[in-house]
Amino acid sequence: MKKGFIFDLDGVIVDTAKYHYLAWKKLAHELGFEFTKEQNELFKGVSRKRCLEILLEMGKVDATQEQFDTWMIEKNVDYLRYIEHMDASEILPDVPRILEFLQENKVPIALGSASKNARPILEKVGLLHYFDAIVDGNNVTKAKPDPEVFLLAAQQLDVNATDCVVFEDAVAGIKAANAAKMISIGIGDEKVLSEAHFNFTDFTEISIDFIQELIEG
Ligand code: B16
Ligand code: MG
């Protein structure tokens with residue numbers, strides 16, 4: 001049975017969370033309150049719109065629709081400034097080793113990300129050519145933990161959902177993969193990602209034998 005591999009972007013392929021954090025922190029300061037790294041954890045895998053809603057709840061800020069839209073744009077403009085200079089040095093350890101092995105073995109690869117900036121980021125770090133399909137914040141109507149993003153990725157790879165493997169760093173992403181009946185692999189803190197079928201701190205811990213077993217499934 002043909003297998004498909006789906007990668008989340010932020011926290012799995014690159015650490016863009018630190019740039020999202022800087023942009024949200026700047027906006028919070030402008031609105032008159034602090035935004036901590038711990039609070040930023042809640043934003044992982046969450047859509048931009050939902051992040052702003054949560055931020056405004058944290059700061060107890062009421063916004064008109066117009067203000068909300070302006071702040072959404074402002075955050076993204078700042079974020080784009082932070083990611084402007086990203087290059088291959090920002091790829092998380094051993095990600096290319098796994099992508100290379102999958103491509104060599106003709107295993108279809110997709111991106112399944114909440115970000116609307118996913119494609120330019122993959123271009124900047126030089127990994128775009130590995131991906132057979134890209135499903136991101138521009139294609140989905142329902143955010144993770146809804147399985148839509150991963151189901152769409154499976155469809156685009158022409159692989160059954162149950163034959164897909166998902167790498168994710170966010171709790172919402174693991175829940176989405178499980179809801180799609182896919183094999184979920186947590187990248188990060190095992191205690192946080194306890195619902196995943198397998199857990200690794202990062203890709204340096206993942207052996208080719210393990211990937212081979214997933215492919216042969
Ligand atoms: P954007 P992922 C997510 O990426 C981030 O984890 C999350 O913090 C961010 O708010 C979301 O993308 C939307 O990003 O503002 O660029 O559209 O982890 O799903 O790859
Ligand atoms: Mg992520």
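Counting from 1, the numbers follow the sequence of the chain as shown.
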* To do: Answer yes when Glu57 and Lys60 have at least one side-chain N-carboxylate O distance shorter than 4.0 Å, and no when they do not.
  => no
* Look at the side chain of Asp132 and the backbone N and O of Ile109, then say whether any donor-acceptor pair between them is shorter than 3.5 Å. => yes
* Sub-3.5 Å donor-acceptor pair from the side chain of Asn138 to the main-chain atoms of Lys116, do we have one? -> yes
* **Charged N-O contact under 4.0 Å between Lys75 and Asp78** => no
* Between Lys18 and Glu90, is there a salt bridge with N-O shorter than 4.0 Å? -> yes
* **Electrostatic pair Asp146:Lys175 at N-O distance under 4.0 angstrom** => no
* Asked: Do Leu42 and Leu56 share a hydrophobic cluster, counting only Ile, Leu, Val, Met, Phe, Trp and Tyr and linking them when any side-chain heavy atoms are less than 4.5 Å apart?
  -> yes
* Structure fact -> Correct closest heavy-atom pair for Ser184 and Ala177 would be CB-CB, 3.9 Å
* Asked: If only atom types and distance count, is the side chain of Thr16 paired as donor or acceptor with the main-chain N or O of Tyr19 below 3.5 Å?
  -> no
* Asked: Is the side chain of Asn105 donor-acceptor paired with the backbone N or O of Leu102 at a distance under 3.5 Å, no angle test?
  -> no
* Under 3.5 Å: donor-acceptor pair, side chain of Asp202, backbone of Thr204 -> yes
* **Closest heavy-atom pair and its distance - Gly173, Phe150** => O-CE1, 3.4 Å
* **Near-ring test Phe200/Phe210, centroid separation under 6.0 angstrom** => yes
* For Phe167, what residues pass the ring pair (Phe, Tyr, Trp, His ring centres under 6.0 Å) criterion, not counting sequence neighbours? -> Phe7, Phe203
* Asked: Below 4.0 angstrom, N of the basic side chain to O of the carboxylate: do Lys26 and Glu30 qualify?
  -> yes
* **Residue list, side chain to side chain donor-acceptor pair (under 3.5 Å) with Lys3, at least two apart or on another chain** => none
* **Partners passing ring pair (Phe, Tyr, Trp, His ring centres under 6.0 Å) against Phe101 (at least two apart in sequence or in another chain)** => none
* Considering only NZ, NE, NH1 and NH2 on the basic side and carboxylate oxygens on the acidic side, decide whether Glu53 and Arg50 come within less than 4.0 Å. => yes
* **Asn178 (side chain) donor-acceptor with Glu195 (main chain) under 3.5 angstrom** => yes
* **Ring-ring centroid check His20 Tyr79, cutoff 6.0 Å** => yes
* To do: Verify the ring-centre separation between Phe35 and Phe43: is it less than 6.0 angstrom?
  => yes
* Asked: Is a salt bridge present between Lys144 and Glu168, judged by a nitrogen-to-oxygen distance below 4.0 Å?
  -> yes
